Amino acid sequence: MSRAENTRRRLVVGNWKMYGSRAFNAELLSAIQARWQGVHQAEVAVCPPFAYLQQAAELLAKSNIVLGAQSLSEYEEGAFTGEVSARMLADWQCRYVIVGHNERRRLQGETDQRVAKKFIAARDADLIPVLCVGESEQDRDSGKALDTIGRQLSTVIDAAGLESFRRAVVAYEPVWAVGTGKTATPEQAQEVHSFIRAQLGALGQSTRVLYGGSVKPDNAEQLFAKADIDGALLGGASLKAEDFIAICQAAD
Ligand code: PEP
């Protein structure tokens, strides 16, 4: 199926991680908005830290840039100190939420099962989960990249059902490429994206699959030229208005 025939609107998501301040955010969002006006083929989302969601929601209220969050609790509500629920994110006008980012899997001990519960919590609150999957350097070097990605994805498919992927987004983020300056080659990324689509069966051709891992203005175009890459999840580049917009333009 060609891109023109499918329903996969290109998407660029900026993950600000734990960076920002009220002043920095205001400047960044104003610079991005000034360069991303009118109607575009690609959709653009930013995911600030929880503390700044309300500020970002207010600043983006009249723009065509949508809001996302970086994580969520798997629970609806309760005595879970420091957690934020899917309903609260929806209340803050979030459209997307990143689920299973490798920094949460590695640093916060999020298991495949817990990631699946978070995916379901997001779906049930009408948020669009951006499910991150990706192999470690060791997995890749030992030829186990697809095994790891297959396991991460099938745990969510088994728990949430394939039908949930009608609205969800998958992001392929090789752990060795996130924040390291190393990028998967377009061919490596394409191979994994095509594998992810095959895992999604009948929905494989309509689910958006993003690539993430040191995407920069000078490699974005080659990545987006691959048939199965529908956009990017960005870390570092999302904090520089020029770079962020250049990548959004490459996706557009
Ligand atoms: C990320 O945090 O999801 C990411 C892709 O980071 P970077 O672009 O900095 O590699």
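What you are looking at is a predicted structure, and each value in this text was computed from that prediction instead of being measured. Both counts, for ligands and for their atoms, begin at 1 and track the order of listing. All residue numbers in this chain count up from 1 along the given sequence.
Within the structure, salt bridge (charged side-chain N to carboxylate O under 4.0 Å, His left out) contacts touching residues 150-171 (residues at least two apart or in different chains) are Asp112-Arg151, Glu163-Arg166.
Looking from atom 1 (C) of ligand 1 to the surrounding protein, the closest heavy atom is His101 NE2, 3.2 Å. For atom 9 (O) of ligand 1, the nearest non-hydrogen atom of the protein is Gly236 N, 2.9 Å. Scanning all protein heavy atoms for the shortest distance to atom 4 (C) of ligand 1 gives Gly235 N, 3.4 Å.
The distance from ligand 1 to the heavy atoms of Leu233 drops below 4.0 Å at these ligand atoms: 3 (O), 5 (C). When each atom of ligand 1 is checked for a heavy atom of Val178 under 4.0 Å away, the hits are 1 (C), 2 (O), 4 (C), 6 (O), 10 (O). Contact atoms of ligand 1 toward Gly179: 7 (P), 9 (O), 10 (O) (distance under 4.0 Å to a heavy atom of the residue).
Under 4.0 Å from ligand 1, the heavy atoms of Ala177 that appear belong solely to its backbone. Only the side chain of Asn15 comes within 4.0 Å of ligand 1, counting heavy atoms alone; its backbone N, CA, C and O stay farther away.
Between the Ser214 side chain and the Gly181 main chain, a donor and an acceptor come within less than 3.5 Å of each other.
From Ile247, atom CD1 reaches atom CD of Glu221 across 11.0 Å, with rounding to the nearest 0.5 Å.
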**Request:** Could you walk me through whether Ile65 and Gln33 pass the side-chain contact (heavy atoms from CB on, under 4.5 Å) test, one step at a time?
**Result:** CA-CA 8 Å; Ile65 296 162; Gln33 279 178 278; 3.9 Å; yes
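Hydrophobic clustering keeps Val178 apart from Tyr211 (ILVMFWY residues linked when any side-chain heavy atoms are closer than 4.5 Å, directly or through intermediates).
Annotation: side chain of Trp36 is in contact with side chain of Asp252 (closest heavy-atom distance under 4.5 Å).
The closest approach between any non-hydrogen atom of Ala237 and ligand 1 is not below 4.0 Å.
Of the residues listed (Gln190, Glu135, Glu191), the one engaging Tyr172 in a side-chain hydrogen bond (donor to acceptor under 3.5 Å, both in side chains) is Glu135, and it is the only one.
The nearest non-hydrogen atom to atom 3 (O) of ligand 1, considering only Glu173, Glu103, Gln70, comes from Glu173.
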